[in-house]
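Below, read A as the first sequence line, B as the second, and so on, with proteins coming before strands; counting in each chain starts at 1.
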Number of protein chains: 2
Amino acid sequence: MNEPAGKTTGDTRSRILDAAEVLFMDHGFDGTSMRMITSRAAVNLAAVNYHFGSKELLIQEVFRRRLTDLNKARLAALDVLEAEAGEVPIKPSRIVDAFFGTALRMAADVEGGGHTFMCLLGRTYTEPNEFVRQFLAEEYAECVERFLAALYRALPEVERKEILWRFHFMMGAMSYAIAGTDALQLVTGKFDDEDPSQLAPRLMSFLLGGLRSPLAEAGPPK
Amino acid sequence: MNEPAGKTTGDTRSRILDAAEVLFMDHGFDGTSMRMITSRAAVNLAAVNYHFGSKELLIQEVFRRRLTDLNKARLAALDVLEAEAGEVPIKPSRIVDAFFGTALRMAADVEGGGHTFMCLLGRTYTEPNEFVRQFLAEEYAECVERFLAALYRALPEVERKEILWRFHFMMGAMSYAIAGTDALQLVTGKFDDEDPSQLAPRLMSFLLGGLRSPLAEAGPPK
DNA sequence: GTCTATACCTGGATAGAC
DNA sequence: GTCTATCCAGGTATAGAC
């Protein structure tokens, strides 16, 4: 998106970011050392501090370079929907696709690193690191607000609090589905032979089913 | 469950386990040092190695002591359902409640530490640590197999692969809902004033909606 | 059995040569 | 701008005193 006109720095910087992205996904932030990063990137140990200032700022930049684009793409998709719709309400399934489908399409990009990043992102939603959490919250704030507002308009009969909960649940199902797809086969090892492109339609169907489910204010089933 | 007849050791051991559970949830495994654990437990630095052998074995024990009971409770609930049902198929909602509802009830136990543990567990589903992952897979294997089998019987018209996917999605929604409830307020800070007991019915409704959603083999909505 | 003291290693970060 | 050498804080684990 923004090319800061520097071209000599670009290469080393990018190599560090790419290496860090993969390693953070595999070993977590605390589990990844500067030495692991610099040796994978084939750069000197001091390069990270030179280019980014610290490990924390490197983490931040790893997220920023992709998350900015992802949320821009989400908002652009929502802009299109809202322009098309005019006055009539947008179908919730379209809104869900603009948010979650956009992320899933990024996750399907294995070669460009989108897949790695989405795995990392999914993993990071439950990451307790204060620094990372605050940064993510800031990066997401605008995007989430606009999508929630769109869902409120699309589902005026549903209580807003309820929509908020369900958005939360959808985030969880997606994060886990992506991060779990190749990070953990807890349930069984049975996903190995699956085509990863099957994930998106299946997950979208699940999310919409959950979103539309009756509220069930009654007592528990037992 | 198993009282190894030692009573002098019990106290120190438990204090270490309780301290580790909280700290692992707050800072992750790599982010929690032995010094943090032992100082919180008010025991000596050497006590962890004395009682557990290593940090990794401590992690394992933190999970084992609660997970064994959780999965026993789940299987017991399933046993009851199967005994009651006899030949007729069990309603999927009952099966889902036996698995996820049991976990949610454990998560509602704030004082006994169940809540802390479920947060930790939810966080750990996306934890890439090889050691932990393999341990969890072993602990879960039997329980998950039996619940999947029950769902296959309850939903004979749905492809098994599809059920497997949806089970996976349900796990994700639950983990994130629990771990996110007080570990990260990414979406907004708006859950703070919520009663945590509201989570269970809302989540169960969402899960069942997703489980029952039509398969949507057609193209994407766009 | 439990704790004190410590060994030994790896972490992030930096100063200064090139 | 990049690399080498190094600092020192903090990591796990242990040997030996109590």
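- Atom CG of B:Asp11 is separated from atom P of C:dT2 by 10 Å (rounded to the nearest Å).
- Rounded to a whole Å, the CZ atom of B:Arg15 is 13 Å from the C1' atom of C:dC3.
- Comparing A:Val43 and B:Ala46, the nucleotide of DNA chain D nearest to each residue sits closer to the 5' end for A:Val43.
- Note: CG (A:Asn44) to P (C:dG16) measures 17 Å, nearest angstrom.
- Residue B:Arg13 contributes atom CZ, which lies 14 Å from atom C1' of C:dG1 at whole-angstrom precision.
- Between A:Phe169 and A:Trp165, the ring-plane angle classifies as tilted under the 30° and 60° cut-offs.
- Each of A:Arg35 and B:Lys55 lies near DNA chain D, and the nucleotide nearest A:Arg35 is the one positioned closer to the 5' end.
- At least one side-chain nitrogen or oxygen of A:His51 sits closer than 4.0 Å to the OP1 or OP2 atom of D:dT2.
- Using a 4.0 Å heavy-atom criterion, one finds that B:Thr32 contacts the sugar-phosphate atoms exclusively.
- When ring centroids are compared, A:Phe167 and A:Phe99 come within the 6.0 Å threshold.
- Atom CG of residue B:Leu17 and atom CG of residue B:Leu58 lie 6.0 Å apart, to the nearest 0.5 angstrom.
- Taking only side-chain nitrogens and oxygens, B:Asn49 comes nearer than 4.0 Å to OP1 or OP2 of D:dA13.
- Protein atom CG of B:Leu45 is 15 Å distant from nucleotide atom P of D:dA15, rounded to whole Å.
- Taking 4.0 angstrom as the limit, B:Ser33 places none of its side-chain polar atoms (N or O) nearer than this to OP1 or OP2 of D:dG10.
- For A:Asp30 and C:dT10, the CG to P distance is 18 Å, given to the nearest whole Å.
- Atom pair B:Ile16:CD1 and D:dT12:P shows a separation of 13 Å (rounding to whole Å applied).
- A:Arg123 and A:Asp26 are not joined by a salt bridge, as no carboxylate oxygen comes within less than 4.0 angstrom of a charged side-chain nitrogen.
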